[in-house]
Amino acid sequence: MEISYQSTRGGEAGVTASQAILKGLAADGGLFMPSFIPKLDKSMKELSAMTYQETAYEVMKLYLTDYSSQELKSCIEQAYDSKFDTEEIAPLAKADGAYYLELYHGSTIAFKDMALSILPHLMTVAAKKNQVKNKIVILTATSGDTGKAAMAGFADVEGTEIIVFYPKDGVSRVQELQMVTQKGENTHVAAIHGNFDDAQTGVKKIFGDKEFARMLDEKGFQLSSANSINIGRLVPQVVYYVYAYAKLLSCEEISDGEEINVTVPTGNFGNILAAYLAKQMGVPIKTLICASNENKVLYDFFQTGTYDRNRDFILTSSPSMDILISSNLERLVYLSAGCDAEANGALMKELGDKGSYTVTAGMKHFMEDFMGGFAGEEETRAAIRKVFEDTGYLIDPHTGVAACVYDQYKAETRDQTKNIIASTASPYKFAGSVLEAIEGEQEEPDEFRIIDHLEKVSRVPVPQAVEEIRTAPVRHDTVCDADKMKEAVVSFLS
Ligand SMILES: *Cc1c(COP(=O)(O)O)cnc(C)c1O
């Protein structure tokens, strides 16, 4: 059945999947949502015999209905290939009473690769399908991982330019090095004086600027997004939850139909929303445990029904989750309002005007499958240390937040349901924090000495992506103010 996409704020409807991917964000500032959530048309038993690529096809074909099966298969083949360092693409590791779904085996060693290795292919097919003559400019705000993964995906892709904004002091050393050494004639990076929310708000503002869009159009450009607001990010992320369940089934870790929980370290709410879509498609998932760091705006929301961004922005050791405006939550709010775009739009207007909104009791009830938790810095370090000391398994600080929240959840609820923890980054992306967690505070200022030391202690080999930036020359050094992002875009494109 054909699926169309509509804006969560009511301004656009009847948009095809490929058009929604091209646009990224709807013209009214809303996010595209499918007209219905499709059900899987293969049984879990059938899926349990499939490769990652085959599973990807079974999931994505249900959402991207204006792509031919040939087009979709070709996108999948080009995305999930030897760029990943394991044929499984997203392997599961059993450690310390949970299954860790390792989403960091792609070329930039964070889970953003799962969607951003396919988005450029989906985008170029979409451009052809819709006879786009303009060059597509991918405009992206990053809390550290999206930027690199998007550039790696779009580097030298014909007909595209990619521009990334990241918070100057809000990313890890490895994250920054990965971005500023990025190759590709069409890649552009700017650090901004500000935090991730400033970067994301700036990007959304540029998207909403109709005059600017007209000016770009005259010059032969049009904007799109590689952030998780793009439906082309969200749909590929559903795949690994289906795949993980099917894998647990084929390894006889669970029985067919057995419910599992998932714990997801959350920032912009894209990853956990993908898990929710998987559940709605028929994967037996019971509770979705939403793990936050000290920026616990989502925890408070699930507790009280009030979303309130009016609070201090805290820089933590899990920078990819240092976010106070969690964009994809809008999609859940929209669903919880019975797809009432007007009701959702009113709440988002309140968020913009006064920084907070409260959902109705009925909407809160709709979200009961979600459970919020949060972990402080010391608790996160303790969780990383505990998993490593008990099992020898090494996790990064984002995954550490999730491990900690999962332990709290078990202690509080006594729920024995088997659990998947989304493991979102290689520990080497945050080597300093990880080493500090297992060995105490570090004096060493040199990032690569820390990395080598971590390898010695953990016996986990340093990934290729880290080796590459050891000696790579810096190619990008633009720094700008948060209110000068538009000017930066103009200068990058001229
Ligand atoms: C982006 C990111 C997250 C948060 O994911 P969302 O989809 O934004 O909730 C968590 N961990 C890491 C390592 C990330 O890069």
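Each ligand, and each atom within it, is numbered from 1 in the order the structure gives.
Residue Y241 is tested with I260, V262, V283 for a side chain to side chain contact (heavy atoms under 4.5 Å, CB included); the sole match is V262.
Around ligand 1 you find F111, K112, D145, P265, T266, G267, N268, F269, G270, N271, S320, M321, H398, T424, A425, each with a heavy-atom distance below 4.0 Å.
Here S327 contributes atom OG and M348 contributes atom CE; the two are 9.5 Å apart, rounded to the nearest 0.5 Å.
Ring centers of F111 and H398: at least 6.0 Å apart, outside the cut-off. A centroid separation of less than 6.0 Å is found between the aromatic rings of Y393 and Y100.
Using a 4.0 Å cut-off between charged side-chain N and carboxylate O, D197 and R309 make no salt bridge.
Residues passing the side chain to side chain contact (heavy atoms under 4.5 Å, CB included) test with E468, sequence neighbours excluded: Q464.
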